[in-house]
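Below you'll find the structure, written out as C-alpha cells, and then a few comments.
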Amino acid sequence: MLAMLQRLKQLLSQEQQPSASNENDLKLAAATLMFELVRSDGDVDDAEIQQMQAILHSQFNLTSDEVTILIDEAKSSAEDAISLQGFTRQICDNWSNDQRMKLLEYLWMLAFADDYIDSNERHLVRKVAGLLYLTDRQINVARENAKRELARNH
C-alpha cells in the first residue's frame, strides 16, 4: 500500500514526458477518471464496475487480474486525488484527439451502464471533456457513439 501511494505521489509530482515508459501511468490516469465517474453519483453500481472492467480489458488488452489491479489502483488514486487536472493533463500530453474522444465515449458508456444518468455524472463528463480540450460537439458525438456501442452489446 505504501509503495502504491509513493508511486502515485511520484506520478502526480513529476513532469510527464511522452514515452512508452509512462504507458502504465496513462492507463492509471484513464482508469482513475473512469472510477471518478462511477462513484460520482454516490453509488458504485455493479453494472458500472462490470462495464469499466470490460472497457479496460478491451481498451488496454489486459487480463482479468490486471484489470482488477488497475481498478484497485484507480480507486486509491481517485480517493487521494485533489483534482482531475493532473490526470487529464497527462492524457492531453500523450494522447491524440481521437484517443481523448474515445475516453469520453467510455465515460458516457459508464454513465449509461446503470440505465440512469445522474446530474453529477453528466457534470463530471462535461468537466473532464473541458479538461481534455474537447468541444460540445465532440461531447455529443461521444455520447451518441456510447449509446450505439451499448445497444450493439446488449
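We count residues from 1, following the sequence as given.
- Between N120 and L124 the shortest side-chain heavy-atom distance does not fall below 4.5 Å.
- Across A111 and L37, no two heavy atoms sit closer than the pair N-CD1, 3.5 Å.
- The side-chain tip of R100 does not point at the ring of W95 from less than 6.0 angstrom away and within 45° of straight on.
- With contacts defined as side-chain heavy-atom distances shorter than 4.5 Å, the pair D114/Q51 does not qualify.
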List the steps and the verdict of side-chain contact (heavy atoms from CB on, under 4.5 Å) for R143 and F112. CA-CA 9 Å; R143 180 182 173 134; F112 287 126; 3.8 Å; yes
I91 vs L33, side-chain contact (heavy atoms from CB on, under 4.5 Å): CA-CA, chis, key distance, verdict: CA-CA 10 Å; I91 288 169; L33 293 172; 3.6 Å; yes
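- Using a 4.5 Å cut-off on side-chain heavy atoms (C-beta onward), V67 and T63 make no contact.
- No single ILVMFWY cluster, assembled from side-chain heavy atoms under 4.5 Å apart, contains both I69 and L26.
- Between atom CD of residue Q138 and atom CG of residue L104 there is a gap of 8.5 Å, rounded to the nearest 0.5 Å.
- Ion pair K75/E79 not flagged as a salt bridge, since none of the NZ, NE, NH1 or NH2 atoms sits closer than 4.0 Å to an Asp/Glu carboxylate oxygen.
- Proximity of a side-chain donor or acceptor of E121 to a complementary backbone N or O of D118 within less than 3.5 Å is detected.
- Once rounded to the nearest 0.5 Å, the distance linking NZ of K27 with CG of L62 reads 5.0 Å.
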What do the steps show when you test W108 against I117 for side-chain contact (heavy atoms from CB on, under 4.5 Å), and what is the final call? CA-CA 9 Å; W108 278 121; I117 295 184; 3.9 Å; yes
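- Y133 and M101 end up in different hydrophobic clusters when Ile, Leu, Val, Met, Phe, Trp and Tyr side chains are linked at under 4.5 Å.
- Of all non-hydrogen atoms in N97 and L134, the two that sit nearest each other are OD1-CD2, 3.3 Å.
- Within the 4.5 Å cutoff, the side chain of D45 has no heavy atoms near those of the V38 side chain.
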Stepwise, does the side-chain hydrogen bond (donor to acceptor under 3.5 Å, both in side chains) test hold for N140 with R137? CA-CA 5 Å; N140 292 329; R137 180 185 175 288; over 6 Å; no
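- Atom-to-atom distance recorded for Y116:OH and D41:CG is 8.5 Å, nearest 0.5 angstrom.
- Counting heavy atoms from C-beta outward, T32 and E73 have side chains that stay 4.5 Å or more apart.
- In this structure, D46 places its CG atom where only 12 or fewer heavy-atom neighbours from other residues, nucleotides or ligands lie under 6.0 Å away.
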Test log, rule side-chain contact (heavy atoms from CB on, under 4.5 Å), inputs F87 and S77: CA-CA 10 Å; F87 305 112; S77 183; 3.3 Å; yes
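- Rounding to the nearest 0.5 Å places CD1 of I55 at 10.5 Å from CD of E48.
- Annotation: the span from M109 atom CE to E149 atom CD amounts to 5.0 Å, rounded to 0.5 Å.
- Rounding to the nearest 0.5 Å gives a distance of 8.5 Å between OG of S83 and CZ of R89.
- For the pair A31 and L56, the tightest heavy-atom approach, listed with the atom from each and the gap, is CB-CD2, 4.1 Å.
- At least one side-chain heavy atom of D136 sits less than 4.5 Å from a side-chain heavy atom of R126.
- Crowding of Q85 atom CD: a count of heavy atoms from other residues, nucleotides or ligands under 6.0 Å not exceeding 12.
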